[in-house]
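In what follows, a single structure is set out as structure tokens and then discussed.
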Amino acid sequence: MSTDALITVKDLVKSYGQLHALNGVSTEIKKGEVVVIIGPSGSGKSTFLRSLNLLEVPSSGQIIFEGADITDPKVDINKHRQKMGMVFQQFNLFPHLTILKNMTLAPMKLLKKSKAEAEAKAMELLKRVGLEDRANAYPSQLSGGQKQRIAIVRALCMEPDVMLFDEPTSALDPEMVGEVLDVMKALAKSGMTMIIVTHEMGFAKEAATRVIFMDQGKMIEENTPQEFFTNPKTDRCKNFLNSIL
Ligand SMILES: Nc1ncnc2c1ncn2[C@@H]1O[C@H](COP(=O)(O)OP(=O)(O)OP(=O)(O)O)[C@@H](O)[C@H]1O
Ligand SMILES: [Mg+2]
């Protein structure tokens with residue numbers, strides 16, 4: 001194992017009865033990498049992401065995150081989970097709380113930040129995504145693209161070491177996809193380690209440091225975006241790319 005690995009996954013299996021949603025996945029995510037995961041529906045992409053922070057409990061295998069084996073039942077998973085931000089297709093904002101409250105709740109409760117400190121950080125992040133004037137709005141008063149930008153900065157309020165994205169733009173109207181991808185590109189540029197399941201191949205080409213292709217619960221192929229898109233190696237990957245490009 002190289003020393004700059006942030007996450008090392010060893011032979012990860014997740015079974016639902018006879019079905020192996022993950023069928024022996026091994027990989028290493030280094031600090032600062034922007035990894036895009038693609039693959040057909042049902043190939044295990046979401047299961048992989050959700051396993052990384054133990055939203056799904058693996059059937060077997062290991063996940064080493066920042067040196068700790070988080071699949072060890074003795075580990076305090078909440079402590080490690082705080083260091084992994086997650087953004088879903090559905091924004092999962094608390095509808096009854098203002099944007100500012102949505103963003104300060106976890107840092108105050110879990111990081112024990114003072115209200116002033118948490119609010120200062122939240123406002124700084126809101127400014128970064130051009131939404132500081134919406135701090136006192138409720139989620140229902142925002143567009144889908146705005147809600148997803150808020151979901152991203154809300155995760156950033158916890159000062160995570162890695163950000164996991166599961167199809168963050170696929171529930172959005174087309175005209176709002178760009179503004180969310182722009183926030184993600186800026187985040188990638190800032191050096192954040194990111195693992196992203198997406199169908200946005202333009203984003204993958206521009207922002208990814210590595211693209212991984214999954215099929216039937218396995219990582220079949222991986223490469224730099226340049227190589228990956230111009231020179232796919234396996235037929236399965238070629239067929240998939242032909243079907244979406
Ligand atoms: N809770 C569950 N119970 C049973 N089977 C499940 C469960 N969650 C996922 N699966 C199955 O595991 C497989 C992988 O699912 P997963 O959601 O990871 O795929 P995916 O690659 O994210 O697909 P999509 O592109 O459609 O989001 C699928 O066959 C799915 O039906
Ligand atoms: Mg999925």
Side-chain angles (χ1 to χ4, degrees), residues 7-29 33-63 65 70-71 77 81 84-93 144-145 147-148 151-152 155 162-174 176-177 180-181 184 193-205 207-208 210-223 225 228-229 232-245:
I7 305 175
T8 304
V9 177
K10 291 183 194 165
D11 210 17
L12 197 65
V13 173
K14 175 66 185 182
S15 307
Y16 297 104
Q18 302 284 51
L19 177 89
H20 301 306
L22 295 178
N23 195 3
V25 167
S26 298
T27 192
E28 197 175 87
I29 312 289
E33 271 199 291
V34 178
V35 177
V36 164
I37 301 178
I38 65 171
S41 181
S43 57
K45 305 179 299 293
S46 295
T47 305
F48 176 70
L49 274 195
R50 293 167 56 81
S51 298
L52 286 182
N53 59 9
L54 297 200
L55 286 177
E56 303 286 350
V57 180
S59 305
S60 64
Q62 278 183 315
I63 300 163
F65 176 55
I70 59 171
T71 55
I77 183 57
R81 205 177 263 152
M84 301 188 192
M86 183 138 192
V87 175
F88 303 90
Q89 186 175 336
Q90 298 302 338
F91 327 108
N92 296 349
L93 298 172
K147 275 189 265 200
Q148 196 59 304
I152 294 170
V162 60
M163 287 282 287
L164 313 175
F165 295 85
D166 195 353
E167 301 200 27
T169 58
S170 54
L172 300 177
D173 290 338
M176 292 172 187
V177 170
V180 172
L181 292 179
M184 293 169 63
T193 310
M194 299 163 73
I195 308 176
I196 307 147
V197 174
T198 183
H199 300 297
E200 296 292 334
M201 296 302 122
F203 172 84
K205 282 177 191 163
R210 176 157 58 120
V211 181
I212 295 177
F213 174 67
M214 286 189 73
D215 195 17
Q216 298 182 358
K218 286 186 192 290
M219 291 182 175
I220 302 284
E221 189 166 333
E222 61 175 288
N223 220 325
F228 185 90
F229 290 110
K233 287 177 283 204
T234 60
D235 285 341
R236 275 198 264 178
C237 190
K238 279 179 208 165
N239 290 339
F240 177 74
L241 288 176
N242 282 334
S243 74
I244 58 160
L245 293 178

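When a ligand or atom number is given, it counts from 1 through the structure's own listing order. Quantities reported herein were computed from a predicted structural model and do not represent experimental measurements.
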Could you tell me the separation between the CG atom of D166 and the CD1 atom of I37, rounded to the nearest 0.5 Å?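 One finds 9.0 Å between CG of D166 and CD1 of I37.
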
Atom OG1 in T169, atom CE in M176: separation rounded to 0.5 Å?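 It comes to 13.0 Å.
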
For a 4.5 angstrom cut-off between non-hydrogen side-chain atoms, does [X] reach [Y]?
| X | Y | value |
| --- | --- | --- |
| F165 | T198 | no |
| H20 | T47 | no |
| V34 | M184 | no |
| V36 | F228 | no |
| T27 | E222 | yes |

Decide, counting backbone as well as side-chain atoms, whether S41 has an N, O or S atom less than 2.8 Å from the Mg ion (ligand 2).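 No.
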
Among all the protein's non-hydrogen atoms, which is closest to [atom], and how far away is it?
| atom | result |
| --- | --- |
| atom 26 (O) of ligand 1 | S41 OG, 2.6 Å |
| atom 21 (O) of ligand 1 | K45 NZ, 2.8 Å |
| atom 4 (C) of ligand 1 | Y16 CG, 3.4 Å |
| atom 13 (C) of ligand 1 | G42 O, 3.7 Å |

Looking at every heavy atom in both F240 and P40, which two are closest together, and how far apart are they?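 Nearest pair, atom of F240 first, then P40: CE1-N, 3.5 Å.
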
Is it the side chain (CB and beyond), the backbone, both or neither of E167 that lies under 4.0 Å from ligand 1, heavy atoms counted?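 E167 to ligand 1: side-chain contact only, backbone stays beyond 4.0 Å.
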
Quick one: does G217 get within less than 4.0 Å of ligand 1, heavy atoms only?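 No; G217 lies far enough from ligand 1 that no heavy-atom distance drops under 4.0 Å.
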
Against heavy atoms of [X], which atoms of ligand 1 measure under 4.0 Å?
| X | value |
| --- | --- |
| S46 | 17 (O), 18 (O), 20 (P), 22 (O), 27 (O) |
| P40 | 21 (O) |
| T47 | 14 (C), 15 (O), 16 (P), 18 (O) |

Between H199 and I244, does the side chain to side chain contact (heavy atoms under 4.5 Å, CB included) criterion hold? Intermediate values first, please. CA-CA 8 Å; H199 300 297; I244 58 160; 5.6 Å; no

Using 4.0 Å as the upper bound for N to carboxylate O, is an ion pair formed by K233 and E221?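 Result for this pair is no, no salt bridge flagged.
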
Nitrogen or oxygen atoms of [X] and ligand 1 under 3.5 Å apart:
| X | value |
| --- | --- |
| A21 | no |
| G39 | no |
| H199 | no |

Kindly indicate whether atom 31 (O) of ligand 1 is approached by any protein heavy atom to under 4.0 angstrom.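 So atom 31 (O) of ligand 1 lacks protein heavy-atom neighbours under 4.0 Å.
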
Just going by heavy-atom distances, which of L22, I37, L19 is nearest to atom 29 (O) of ligand 1?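 Nearest option to atom 29 (O) of ligand 1, by heavy atoms: L19.
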
